[in-house]
**Student:** 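Just passing along the structure, written as structure tokens.
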Amino acid sequence: MAQFKSDFMRVLHERGFVHQCTAPEALDEQAAAGRLVAYVGYDCTADSLHIGHLVSIMILRWLQKTGNQPIALMGGGTTKVGDPSGRDETRKLLTAEQIDANMAAIRRSFANFIDFDAVGGRKAAVMANNADWLDQLLYIPLLRDVGRHFSVNRMLTMDSVRLRLERDQPLSFLEFNYMILQSYDFVELARRFGCNAQFGGSDQWGNIVMGVELGRRMEDRELFGLTCPLITTASGAKMGKTAAGAVWLNPERLSPYDYWQFWRNTEDADVGRFMKLFTDLPLDEIARLEKLAGAEINDAKKVLAFEATRLCHGEKAAREAAETARKTFEEGALADNLPTVDVPRATLETGLPAYEVLRLAGLAASNAEARRLIKGGGGRLNDAQIASETAAVTMADADAEGRIKVSAGRKKHVLIRAV
RNA sequence: GGAGGGGUGGCCGAGCGGUCAAUGGCAGCAGACUGUAAAUCUGCCGGACUUUGUCCUACGAAGGUUCAAAUCCUUCCCCCUCCA
């Protein structure tokens, strides 16, 4: 297993993308011949993907870079059912309109990671939507053509089902059908696009294996499945939680600056692993950077932040984020690119209590939270600790351009701009 | 359909007439120490306000008993287990 014929499988192993794989040798053959057409399915439960999805997106990226073809499948149809994998409770059902809106927002994220146009001899990536075929299905034909290949005995042993049953959590018949639909997706993509592999997170193993089997039974095709590990931080926490919640890929949800900051704050012990997974940097460069110790590893973190942000938001945004961070943290200067909130000049001329300013800046969810923050010594105005939560903030605190810097702690900064 | 058990804050989980905005743990936020790291220690952790206090909302839902209810009663909804 040490030697791979294909660049694709070699890269995946070297960089730590592989958790489980159905038929590694045969998959390697396909990849080496450039005949791999692989898909990853994405739920449309939110209007943005987050970094939890990033590992699989990076796999699609490598797939394309190594001469094979990626398919990003939008779960327009399966989202109507709800995947029970890894869930104790039934997902909330979304309306068709919500799903469509989410799908439209998610699509844009992919454009930065994979190419949907064939350029430089690369195969163009494909974006598909399983609503295109799932919405058309008829119950009896589906049962006869697809359902007969599934054994309920087998389905009951699948983690997604078994865990629910063992914990006495309800599992609706609707959800029970999810794996059948996902398996059918695989077959349908094989028919339409010659797709022969599916990738996903480790929680998708069961669903993927069922699809591989269905392909063999219905179409006599050899399909492959590969899962990537669940990425946790060195301290064991599930990755991707920040103050504001998930680390989103859409800039409307999370600014490129905050995205950069997320990576910049990576734990020391994770730097090398994350650079392998979330950047294109060559391995020898990564090896050099991760060896940095003590305060020097901060340089490696900046590289990680820049590269990861460049992939997601583009080179320009990454540069701006890095520059904003440099000014803010290294010079203590006021950088224009910090997240900015506009406040009417007249309001500031009258003066606002400090707690309200923190709330307006989005640094506290309520006035009470802002007051607590200040009482606890975490509220800052132009880098000076705010002494009293009712201290008035006025235009006198603004610089020549009418900007005031407010902060929650030492790391989260927002500009208030008088307009 | 019958019998029993249960639904508490983001999650887990105590409380079972007043001292309950509700013990504890996790998660989160801030402070100290540092390197925008980890670990550790400290504080905070429903909301509004004229903040050592007052008011509002909240223990599945709606009613009721009581000076007083997360705690008692009634009805309803939902979940689980066993039986049919």
Side-chain angles (χ1 to χ4, degrees), chain A residues 86-90 92-93 163-172 175 232-247 255 257-275 289-306 308-309 321-333 335 337-339 352-356 358-381 383-392 405-414:
Chain A
R87 288 283 186 133
D88 263 0
E89 282 172 17
T90 305
K92 259 192 240 140
L93 288 181
L163 293 174
R164 280 273 185 100
L165 297 179
E166 279 176 2
R167 291 184 203 190
D168 295 334
Q169 298 290 343
L171 177 80
S172 70
E175 295 170 284
T232 53
T233 67
S235 331
K238 204 163 163 183
M239 191 186 165
K241 285 291 209 70
T242 66
V247 179
S255 72
Y257 167 77
D258 286 320
Y259 190 77
W260 191 95
Q261 279 295 325
F262 169 76
W263 293 105
R264 175 64 183 81
N265 285 307
T266 298
E267 294 178 29
D268 289 7
D270 288 327
V271 173
R273 197 160 52 99
F274 285 3
M275 280 196 285
L289 288 167
E290 74 178 327
K291 265 200 225 98
L292 296 173
E296 287 197 329
I297 197 150
N298 283 327
D299 292 331
K301 291 184 189 181
K302 286 180 210 165
V303 175
L304 169 64
F306 177 78
T309 308
E323 178 58 14
T324 302
R326 195 187 62 77
K327 276 191 186 159
T328 307
F329 287 94
E330 290 173 29
E331 288 179 12
N337 231 22
L338 282 175
L352 276 170
Y355 65 82
E356 205 162 333
L358 283 173
R359 202 202 70 226
L360 288 171
L363 294 170
S366 65
N367 284 347
E369 192 179 310
R371 284 173 196 267
R372 274 185 240 119
L373 184 66
I374 295 168
K375 274 186 187 158
R380 285 185 166 74
L381 183 75
D383 296 314
Q385 209 170 59
I386 303 170
S388 150
E389 64 261 34
T390 50
K405 181 182 181 185
V406 291
S407 319
R410 298 189 185 284
K411 289 209 284 197
K412 286 181 294 187
H413 308 285
V414 172

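Residue numbering restarts at 1 for every chain, and letters A, B, ... go by the order of the sequence lines.
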**Student:** Side-chain donor or acceptor of A:Gln261 under 3.5 Å from a matching atom on the base of B:U36?
**Tutor:** yes
**Student:** Checking understanding here: a glycosidic angle within 90° of 0 is syn, the rest anti, so what is B:U66?
**Tutor:** anti
**Student:** How far does OH of A:Tyr355 sit from OG of A:Ser388, to the nearest 0.5 angstrom?
**Tutor:** 10.0 Å
**Student:** For a quick check of understanding: with a heavy-atom distance under 4.0 Å over all strands, which category does A:Gly379 fall into, base, sugar-phosphate or nothing?
**Tutor:** nothing
**Student:** Whole angstrom is fine here: how far is it from CG in A:Asp299 over to P in B:A37?
**Tutor:** 15 Å
**Student:** Mind listing the residues from residues 359-366 of chain A sitting with a heavy atom below 4.0 Å of RNA chain B? Number order is fine.
**Tutor:** A:Ser366
**Student:** For RNA chain B, whose closest nucleotide is more 5', that of A:Ala408 or that of A:Glu369?
**Tutor:** A:Ala408
**Student:** Looking at side-chain heavy atoms only, is the closest gap between A:Asp258 and A:Pro339 below 4.5 Å?
**Tutor:** yes
**Student:** For a stem of at least 3 consecutive Watson-Crick or G-U pairs with distances under 3.5 Å, i pairing with j, i+1 with j-1 and so on, which stems involve RNA chain B?
**Tutor:** B:1-7 with B:77-83, B:10-12 with B:24-26, B:28-32 with B:40-44, B:46-49 with B:53-56, B:60-64 with B:72-76
**Student:** Which part of the nucleic acid, if any, lies within contact of A:Asp270, taking any heavy atom under 4.0 Å across all strands shown: a base, the sugar-phosphate backbone alone, or nothing?
**Tutor:** nothing
**Student:** Whole-Å distance between B:C29 P and A:Tyr355 OH?
**Tutor:** 24 Å
**Student:** 5'-most contact on RNA chain B: A:Gln385 or A:Asn265, nearest heavy atom basis?
**Tutor:** A:Gln385
**Student:** Roughly how many Å is it from NE2 in A:His413 to P in B:U36, rounded to a whole number?
**Tutor:** 11 Å
**Student:** Between A:Lys302 and B:G35, is there a side-chain N or O to OP1/OP2 distance below 4.0 Å?
**Tutor:** no
**Student:** If the threshold is 4.0 Å, N to carboxylate O, is there a salt bridge linking A:Lys301 and A:Asp268?
**Tutor:** yes
**Student:** Taking any heavy-atom pair under 4.0 Å as a contact, classify A:Glu296: base, sugar-phosphate, or nothing.
**Tutor:** nothing
**Student:** Taking 4.0 Å as the cut-off, does a side-chain nitrogen or oxygen of A:Lys375 come that near to OP1 or OP2 on B:G31?
**Tutor:** no
**Student:** With rounding to whole Å, what would you report as the distance between B:C80 and B:G60 at their C1' atoms?
**Tutor:** 15 Å
**Student:** Please report the distance, rounded to the nearest Å, between CG in A:Asn367 and C1' in B:C55.
**Tutor:** 16 Å
**Student:** Report which part of the nucleic acid A:Thr266 touches: base, sugar-phosphate, or nothing (heavy-atom distance under 4.0 Å, all strands).
**Tutor:** sugar-phosphate
**Student:** Without decimals, in angstroms, what is the distance between A:Lys411 NZ and B:G31 C1'?
**Tutor:** 14 Å
**Student:** What nucleotide among B:G35, B:A37, B:G47 has an atom nearest to a side-chain atom of A:Ile297?
**Tutor:** B:G35
**Student:** Using a heavy-atom cut-off of 4.0 Å across all strands, would you classify A:Arg326 as base, sugar-phosphate, or nothing?
**Tutor:** nothing
**Student:** I'd like to know if A:Lys302 and A:Glu330 make a salt bridge, using a cut-off of under 4.0 Å between side-chain N and carboxylate O.
**Tutor:** yes
**Student:** Whole-Å distance between B:C45 P and A:Ile374 CD1?
**Tutor:** 15 Å
**Student:** Without swapping roles, check the side chain of A:Glu389 against the backbone of A:Ile374 for a donor-acceptor pair under 3.5 Å.
**Tutor:** no
**Student:** Between A:Asn265 and A:Gln261, is there a donor-acceptor pair closer than 3.5 Å when you use the side chain of the first and the backbone of the second?
**Tutor:** yes
**Student:** Verify, without hydrogens or angle tests, whether A:Ser366 (side chain) and A:Glu369 (backbone) share a donor-acceptor contact under 3.5 angstrom.
**Tutor:** yes
**Student:** Roughly how many Å apart are B:A22 and B:G46, using the P atom of each and rounding to a whole number?
**Tutor:** 9 Å
**Student:** Can you measure A:Leu373 atom CG to B:C29 atom P for me and round it to whole angstrom units?
**Tutor:** 12 Å
**Student:** Quick one about A:His413 and A:Thr328 (side-chain donor to acceptor, distance below 3.5 Å, no hydrogens or angles considered), yes or no?
**Tutor:** no
**Student:** Could you state the NZ-C1' distance from A:Lys412 to B:U36, rounded to the nearest angstrom?
**Tutor:** 13 Å
**Student:** Taking only side-chain N and O atoms of A:Arg410, does any of them lie within less than 4.0 angstrom of OP1 or OP2 on B:A32?
**Tutor:** yes
**Student:** Could you tell me whether A:Arg326 and A:Glu323 have a side-chain N and a carboxylate O separated by less than 4.0 Å?
**Tutor:** yes
**Student:** So what does A:Arg372 touch, heavy atoms closer than 4.0 Å: a base, only the sugar-phosphate, or nothing?
**Tutor:** sugar-phosphate
**Student:** Which value, in whole Å, describes the distance between the P atoms of nucleotides B:U65 and B:U71?
**Tutor:** 15 Å
**Student:** What's the gap between B:U36 and B:A30 when it is taken at their P atoms, as a whole Å value?
**Tutor:** 15 Å
**Student:** If we ignore hydrogens and angles and just use 3.5 Å, is the side chain of A:Asn298 paired with the main-chain N or O of A:Ala295 as donor and acceptor?
**Tutor:** yes
**Student:** Run the salt-bridge test on A:Asp383 and A:Arg380 with the 4.0 Å N-O cut-off and return the result as yes or no.
**Tutor:** no
